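Here, residue 1 is the first one in the sequence, and each next residue gets the next number. None of these values were measured; they are calculated from a predicted model.
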Amino acid sequence: MNSASTSSNIAIAISAQWLNDDITTNTIVYTIDIINSGGGSVTLTNCYSSVRFAEKSAIDNYVMGETQTSRGNITVPANSTYTISGSATAYYDDSPSGFNVWFTSISPNIQVFESVFEPLIEM
């Protein structure tokens, strides 16, 4: 799990797992928790979650095999957590070095990711 603190009493925690049914077709499932430890509500604007190849940054152009989901503006009440759950199909041949699950917002400026790797296949 990756966690990052931001301004405005906001912390982002991402947990991700790559579930496999064979070596070529897989699903990445993820949860993003946006934690507001402050006494007032906070709105994050222009939010996205995405699953990207490990070698890509948050601002690179998207290519086939990567996904992005608009989350719009997210308001997190005081002393509470807002949770996003999602999934994406991931192909080992497209990114043998793994994927990153990203959460980004424009204001406050947040770019946080958690790396996820192909699970070992038991023989």
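Legend: residues meeting side-chain contact (heavy atoms from CB on, under 4.5 Å) with A78, ordered by chain and number and at least two apart, are absent. Scored by the side chain to side chain donor-acceptor pair (under 3.5 Å) test, T81 finds no partners at all (sequence neighbours excluded).
Both V63 and V101 are part of a single hydrophobic cluster, where members link through side-chain heavy atoms under 4.5 Å apart. No continuous path of ILVMFWY side-chain contacts below 4.5 Å connects Y48 to I32, so the two sit in separate hydrophobic clusters.
Under 3.5 Å, the side chains of S50 and E66 contain no donor-acceptor pair of N or O atoms.
Closest heavy-atom contact between I28 and A90: CD1-CB, 3.6 Å. Residue K56 comes nearest to N100 through the heavy atom pair O-ND2, 4.3 Å, listed as atom of the first residue, atom of the second, then distance.
Between the side chain of N9 and the backbone N or O of N36, no donor-acceptor pair lies under 3.5 Å. Side-chain atoms of D60 come within 3.5 Å of backbone atoms of S57 as a donor-acceptor pair (strictly under, hydrogens ignored). Checking side-chain atoms of N73 against main-chain N and O of N46 turns up a donor-acceptor pair under 3.5 Å.
Contact of the Y82 side chain with the D33 side chain is not registered, since no non-hydrogen atoms from C-beta on lie closer than 4.5 Å. With contacts defined as side-chain heavy-atom distances shorter than 4.5 Å, the pair T45/I74 does not qualify. Put simply, the side chain of I10 reaches to within 4.5 Å of the side chain of I34, judged on heavy atoms.
Between atom CD of residue E114 and atom OG1 of residue T31 there is a gap of 11.0 Å, rounded to the nearest 0.5 Å. Distance check: Y30 OH to S87 OG gives 7.0 Å after rounding to the nearest 0.5 Å.
For the pair R52 and Y62, the distance from NZ or CZ to the six-membered ring centre is under 6.0 Å and the angle to the ring normal is within 45 degrees.
Between F53 and F99, a ring centre-to-centre spacing shorter than 6.0 Å is recorded.
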